[in-house]
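Each remark here refers to the structure printed beneath this line.
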Amino acid sequence: MSGLFPFHGGLKTVRHKTESNQQPIRWSALPHRLTVPLRQHIGAIAKPLARAGERVLKGQMIGQPDGYISAAIHAPTSGKVIAVEQQPVPHPSGLPDWCVVIESDGEERWVERQAVDYRRLHPSEVRNRLRSAGVVGLGGAAFPSAVKLNPSGHAEALETLILNGAECEPWITCDDRIMRERAAEIIAGLHVIAHLLEPREVLIGIEDDKPEAIAAMVAACAGTGFAVRPVPTRYPSGSVKQLVKLLTAKETPVDGLPVDVGVQCFNVGTAYTIYRAIEFGEPVISRTVTITGHVNQPQNLEVLLGTPFSELIAQSGGYRDGVERLIMGGPMMGFAVHDDGVPVTKATNCLLAASAAELAPLRPVMPCIRCGACVDACPANLLPQQLYWHARAKEFDKAQDYHLFSCIECGCCSYVCPSHLPLVQYYRYAKNEIWAQEKEKQKAELARQRHQARLERLEREKQERDAKLRQKRPRHARWRWKTRLTKPSRPIAPRRLRPRPNQRLKLASGAIESPCTLKR
Ligand code: SF4
Ligand code: SF4
């Protein structure tokens, strides 16, 4: 542990890594149909650029970033767009989202690609390239990397750049395999990141249960000045704030980001995609996915985004008997999907086919006994039982006072709770309720602003009409003044009385006469 600074809490968990990390990464088969979600990242959904019936090339942009925190989406293969519509996507809510559905033509024809020498470009151009390539964090968060690579928002120079190869969740081994097989490319991507951020030091954190990956990365780092730091195998050492603490001793503020203490962190998979984007002009159209658990051939596959989960399960020998749930992500932080036809996205690092043996056994839930075990286990230094009380009582303001949104949903508290309370589910419920309330507030505010704007517009139009009338009135008044002074050249009464067709006029006697009567 020398040179390391242990974080509070955490767990020793069963690893289950060897099931899937023994084989090299293979390319998955090209699916007949790909469903590519336009939202595969944190931030605004990409604007669709393709229409149904259009032919697209592999790597062609089909979704444009919409705003600063957004990411581009590209066609993973060449073919025909058959629909742009809402489809089921992998999300805990189970709600559908907008997707571009592509029927593959099997030709894999690439769009024109252009490599660049990033050292000759202005940093903003390099960031724009990465933004256009749709690079996001592949550790699971899928935050747009171009935003994290822009140091201008931070007054202080970056002290430490961390490359995260910890991969602490049980069962997941995709990062382990890419470090073993693509270490030189990852380090090339790390050079691009270091070039943009100019940190004082670059550290690479890898859990010490991955000796092959550590050896490969040490060899690739030779002569670069980058330092590989094996960290103890303790969940959740791969979580950003915990890894920052482990490697630098710095505590990220409860409601802050590592960059607030001069540290920035990227996943090894992200560094690899940065390398591909710069060296080959390739956008992010695939990622490495671990398929493990109760399947016949657990493995790591390089998968085109948009490939249905069910095809990956089939390519891994299919489900074994007794599968109860398919989980995207690991058993601690992942979530069960409602349908295995949903597509792989940039955030899909693992598919875990879980049987009863892999899932926590269902145990009777009992009242909280205030033992404090959850407090000891919480790596985010929160008070999980307080959060639980307030979430359960729907006292969401109080839950926020206890930093609900700093909870990383690691599940350590639930894991150790002797009362078997599903604590993380309460936190997720509270967060969702707060987001929903926030959305309602925003909607109400928008409606109020629209109503106010309408009232202002009506008032403005009224004032403009009045002003026009005021401008007209003097001329009218002058005309009337003149007419009073001037003697009319001929009597006007007969003109006024001239009948129009079908007009009925009242005569002095009071009888109503038709125009024909008058003519007579
Ligand atoms: S571990 Fe469970 S029982 Fe103990 S204080 Fe926390 S919530 Fe309560
Ligand atoms: S799930 Fe949240 S409250 Fe529970 S241990 Fe993890 S960070 Fe702490």
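Counting starts at 1 for both ligands and their atoms, following the listed order. The structure presented is a predicted model; accordingly, all values stated were derived computationally and were not measured.
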Could you tell me which non-hydrogen atom of Ser239 sits nearest to which non-hydrogen atom of Cys168, and how far apart they are? N-SG, 4.4 Å
Residue and atom name of the nearest protein heavy atom (relative to atom 6 (Fe) of ligand 1), distance in Å to one decimal: Cys374 SG, 2.3 Å
Can you confirm if the aromatic rings of Phe405 and Trp435 lie within a centre distance of less than 6.0 Å? yes
What atoms of ligand 1 come closer than 4.0 angstrom to any heavy atom of Ser419? 3 (S)
Kindly say whether Thr348 contributes a backbone atom to a donor-acceptor pair with the side chain of Arg287 at under 3.5 angstrom? yes
The closest protein heavy-atom partner of atom 8 (Fe) of ligand 1 is Cys368 SG, 2.3 Å
Decide whether the shortest distance between a heavy atom of Pro379 and an atom of ligand 2 is less than 4.0 Å. yes
Heavy atom of Ile408, distance to ligand 2 below 4.0 Å: yes
Heavy-atom gap Ala377 to ligand 2 smaller than 4.0 Å: no
Which of the numbered atoms in ligand 2 are below 4.0 angstrom from a heavy atom of Gly411? 1 (S), 6 (Fe)
Please state whether Pro418 comes within less than 4.0 angstrom of ligand 1, counting heavy atoms only. yes
Check whether any N, O or S atom of Cys410 sits under 2.8 Å from atom 6 (Fe) of ligand 2. yes
Is there a donor-acceptor contact under 3.5 Å from the side chain of Gln385 to the main chain of Cys368? no
Paired with Glu207, the salt bridge (Lys or Arg N to Asp or Glu O under 4.0 Å) test is passed by just one of Arg15, Lys17, Arg234, namely Arg15
Phe7 ring centre to Lys241 NZ or CZ under 6.0 Å, with the angle to the axis within 45°? no
So which protein heavy atom does atom 3 (S) of ligand 1 come closest to, and at what separation? Ile369 N, 3.4 Å
Give a yes-or-no answer on whether the side chains of Ser237 and Gln242 include a donor-acceptor pair shorter than 3.5 Å. no
Centroid-to-centroid, His191 to Tyr275, below 6.0 Å? no
Within the 4.0 Å heavy-atom shell around Arg370, which atoms of ligand 1 are there? 5 (S), 8 (Fe)
For atom 4 (Fe) of ligand 2, the closest protein heavy atom turns out to be Cys413 SG, 2.3 Å
Salt-bridged, Arg182 to Glu302, with N to O below 4.0 Å? yes
Distance filter under 4.0 Å to Leu421 heavy atoms, resulting ligand 1 atoms: 7 (S)
Tell me the protein heavy atom at minimum distance from atom 2 (Fe) of ligand 1, and give that distance in Å. Cys417 SG, 2.4 Å
Atoms of ligand 2 close to Tyr427 [distance to a heavy atom under 4.0 angstrom, numbered from 1]: 3 (S), 4 (Fe)
Any salt bridge linking Glu159 with Lys250? Criterion: basic side-chain nitrogen under 4.0 Å from a carboxylate oxygen. no
